[in-house]
Protein chains: 2
Amino acid sequence: MKHVTVYDIAREANVSVATVSRVLNNTAPVKKETRERITALIDKHQFQPNALARSLIRKETGMIGFILPDITNPFFPEVLASFDRETRKLGYTCFLCDTVSSDEETERQYARESQYLGILMEKQVDGIVMIGGRLDLSKPDAALVREVEEVAKRVPVLMINGNLPNTKIHRVAVDQRLGAELAAQHLIDLGHRDIAVIGGFVHMSNTQQRIQGFRTAMRNNGLEVRKEWMVQGGFSVNKGLEFAEQVLNLPDRPTAIMCMNDLVAIGALKAADRAGLAVPAELSIVGYDDIPFASFSIPELTTVSLMANEIGRLAAEMLHKLIAGKKVPSLHSVVPELRVRQTTAPLQK
Amino acid sequence: MKHVTVYDIAREANVSVATVSRVLNNTAPVKKETRERITALIDKHQFQPNALARSLIRKETGMIGFILPDITNPFFPEVLASFDRETRKLGYTCFLCDTVSSDEETERQYARESQYLGILMEKQVDGIVMIGGRLDLSKPDAALVREVEEVAKRVPVLMINGNLPNTKIHRVAVDQRLGAELAAQHLIDLGHRDIAVIGGFVHMSNTQQRIQGFRTAMRNNGLEVRKEWMVQGGFSVNKGLEFAEQVLNLPDRPTAIMCMNDLVAIGALKAADRAGLAVPAELSIVGYDDIPFASFSIPELTTVSLMANEIGRLAAEMLHKLIAGKKVPSLHSVVPELRVRQTTAPLQK
DNA sequence: CACTATAATGTAATCGGTTTCATCTCTTAC
DNA sequence: GTAAGAGATGAAACCGATTACATTATAGTG
């Protein structure tokens with residue numbers, strides 16, 4: 001029951017290990033007869049070369065580390081899937097590095113990201129992708145950034161969507177500002193002037209950027225941003241429900257709500273339902289992210305796509321180039337798309 | 001910029017590599033002074049031992065392969081996350097092995113599972129978890145089963161939820177039959193007698209088992225199963241919509257619909273909406289799976305939990321025991337729970 | 001003080017492959 | 001007939017750790 005090795009094969013085939021290795025990798029001509037003898041033995045013993053030993057000398061492992069904050073958030077599987085699909089064509093396998101677990105305090109998150117970087121380095125991965133988490137804050141963790149830069153010197157690192165202004169780390173990112181601007185402009189085009197913005201965390205860069213985009217659109221149209229209609233502090237359905245109820249209970253209520261993500265938008269849908277407001281007839285709602293569920297809700301959610309597939313695909317493409325030692329631009333920007341569905345409608349006078 | 005090794009550290013510290021290894025692993029006493037000299041150098045060079053080399057000789061890699069059919073299906077991230085959470089406490093890292101991509105034909109799926117088994121063996125993972133896919137069919141792929149059994153001889157393998165009657169492979173699985181029975185009984189208790197069952201694939205074991213559970217409940221209550229109300233053939237929202245419309249358009253329409261998963265149930269909700277039927281007042285709907293979104297829909301979906309967290313946790317526990325060489329029961333059955341929410345109500349006469 | 005147990009360290013084998021270099025045989029060309 | 005080039009193979013070094021075994025220094029004991 002012992003594991004069979006090249007030596008076992010070599011001995012039984014009456015050749016040297018070098019020859020076995022040659023048929024394994026097609027790296028040099030081997031006499032047809034010898035090759036057949038060897039492959040027969042390989043089949044017979046179901047021999048599989050030990051990837052550890054191979055990687056040790058080849059200095060490439062075919063492994064890529066994918067660090068993400070929470071696999072349970074439907075956005076991440078989406079980009080991971082598309083990344084993995086591309087990446088596996090070239091023979092890579094991904095390590096999943098999930099940095100938060102819902103049941104743990106956030107303060108351990110940094111340690112987790114840092115810890116994973118260490119593990120991935122030890123395991124000699126060929127490349128690392130990082131998305132979200134501590135690097136997505138409006139003030140990204142300086143120590144972590146420094147660490148990532150240090151890691152990037154030794155192995156190709158690709159950031160997705162992070163907020164890293166003064167750094168040489170390669171990135172692919174959607175233009176969040178533009179996405180929010182598109183959403184806001186859409187509402188404005190429908191005649192809305194009283195627009196609330198709910199959800200998100202002001203200390204997170206994505207929220208900040210989206211709010212900036214919103215403000216830009218408002219300014220471009222000469223509209224005023226009312227601060228009692230800006231309610232931030234969470235990304236969940238329940239928070240969305242809470243925030244939406246808050247703005248809908250104001251004496252002066254908005255006619256449209258722009259949500260910082262789809263979960264919040266779903267919460268807002270709930271709030272509208274509870275308040276007896278018809279969507280989109282009496283209240284327009286737009287989400288952000290275009291999670292798979294966005295097109296399943298009733299009514300179907302108008303939202304801004306995070307371009308998960310495109311991001312994953314591009315990330316794979318860039319990382320492979322980096323691994324191959326090719327030059328790549330340090331930032332690849334992806335243009336978001338507005339998905340107009342059923343939760344937005346022209347303002348009714 | 002060359003990678004530093006134990007030899008570099010040893011040379012610079014004027015000791016042998018053995019001593020360096022000792023401080024690295026705390027495997028034998030080292031003079032305090034020497035230890036400090038070495039750790040200082042380790043810090044200085046940010047030395048990290050090469051896990052490949054270590055694993056090669058230790059014969060353990062701290063890597064676990066997790067084979068699943070589609071990370072985009074929200075159930076899988078859920079169990080993966082809880083599995084990973086447990087497993088990482090013990091120093092393991094998971095390979096993600098996603099066997100299908102939406103854009104590829106199903107016939108390549110078996111090759112993918114088989115291919116991943118090969119890759120994982122080569123990479124010398126300490127254990128493998130398999131969930132769904134080709135092993136979840138009512139007639140599981142015999143060749144694959146044989147292959148899995150072969151693999152299981154060399155490395156601990158744990159199945160989640162598969163359908164493997166005559167095999168010694170260790171499994172943790174929810175009792176699907178019981179879950180469906182709970183759901184059906186719930187509807188019956190509410191006074192429903194005319195119950196449709198939509199969604200699923202009859203060639204998949206989970207669908208088969210759930211339908212069995214449904215029949216059991218009906219039989220126990222002396223109710224009749226009407227075959228025009230049994231519509232199978234898909235697991236998606238759109239299919240659910242289609243199937244629900246089909247049964248709702250029958251001259252003799254059911255008062256409750258039991259769906260083979262939550263996506264189908266969401267489709268059914270849509271169908272009810274289009275047909276102008278109030279849920280749950282005029283139509284009760286129950287789903288299956290309890291995906292995260294189930295509690296976000298409006299109204300919130302009554303459904304059967306797949307116990308993703310519990311499954312993941314248990315799988316981790318069992319696999320660790322297997323890796324440690326301990327005896328474990330070959331099947332650990334998990335009892336499903338009915339989550340009663342807002343889409344079911346007493347039958348209105 | 002001699003003797004033994006333990007601490008501290010070094011030497012070299014080992015894990016299982018790949019790869020360089022050397023050797024030998026066999027064509028093919030001139 | 002011999003030199004050159006390609007084909008086929010083997011011996012041994014190597015990747016970077018761990019560890020069995022050997023050796024020396026130190027401490028403790030009677």
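In this text, all values refer to a predicted model and were calculated from it rather than measured experimentally. Letters A, B, ... mirror the listed sequences (proteins, then strands); counts begin at 1.
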Contact under 4.0 Å: B/Thr34 side-chain N or O vs C/dT9 OP1/OP2: yes
Heavy-atom pair with the smallest gap, counting every atom of A/Val157 and A/Ala152: CG2-CA, 3.7 Å
Candidates C/dT18, C/dT11, C/dG17 - which lies nearest the side chain of A/Val17: C/dT18
A/Ala28 backbone acceptor or donor facing A/Arg22 side chain under 3.5 Å: no
Out of C/dA7, C/dT18, C/dT11, whichever nucleotide has its closest atom nearest the side chain of A/Ser21: C/dT18
Rounded interatomic separation in angstrom, taking CG from B/Leu56 and P from D/dA17: 12 Å
Atom-to-atom span, CG of A/Asn14 to C1' of D/dT9 - whole angstrom: 13 Å
Atom-to-atom span, CD1 of B/Ile57 to P of C/dG17 - whole angstrom: 14 Å
Rounded distance (Å) that lies between atom P of C/dG16 and atom CD of B/Gln124: 9 Å
A/Asn50 side-chain N/O to C/dC15 phosphate OP1/OP2 under 4.0 Å: no
Distance, rounded to the nearest Å, where B/Leu52 contributes CG and D/dT18 contributes P: 12 Å
Minimum heavy-atom distance between B/Thr61 and B/Lys123, given as atom pair plus value: CG2-O, 3.9 Å
Where B/Val334 and B/Leu314 come nearest, the two heavy atoms and their spacing: CG2-CD1, 3.5 Å
N or O in side chain of B/Thr27 less than 4.0 angstrom from D/dT18 OP1/OP2: no
Which atom of A/Arg11 lies closest to which atom of A/Asp8, heavy atoms considered: NH2-OD1, 3.1 Å
N/O (side chain, B/Ser16) to phosphate O (OP1/OP2, C/dG10) under 4.0 Å: yes
Exercise: do A/Asn163 and A/Arg171 side chains pair donor with acceptor under 3.5 Å: no
Donor-acceptor contact below 3.5 Å, side chain A/Asn309 vs main chain A/Ser82: no
Check: A/Tyr7 side chain, C/dG16 base, donor-acceptor under 3.5 Å: no
Which residue lies more 5' along DNA chain C, comparing B/Ala53 with B/Ala28 via nearest heavy atoms: B/Ala28
Phosphate-side-chain proximity, B/Ser55 and C/dC15, N/O vs OP1/OP2 below 4.0 Å: no
Distance, rounded to the nearest Å, where B/Glu33 contributes CD and C/dA7 contributes C1': 14 Å
Where A/Thr93 and B/Leu96 come nearest, the two heavy atoms and their spacing: CG2-O, 4.2 Å
Candidates C/dG17, C/dT9, D/dT19 - which lies nearest the side chain of A/Arg54: C/dG17
Sugar-phosphate, base or nothing in reach of A/Val20, heavy atoms under 4.0 Å: nothing
Side-chain N or O of B/Lys59 closer than 4.0 Å to phosphate OP1/OP2 of D/dT18: no
Nearest-Å distance for atom pair CZ/P, residues B/Arg58 and D/dA20: 11 Å
Whole-Å gap separating C1' (D/dA8) and CZ (A/Arg37): 12 Å
Enumerate all atom pairs, one protein N or O and one N or O from nucleotides 21-26 of chain C, separated by less than 3.5 Å.
none

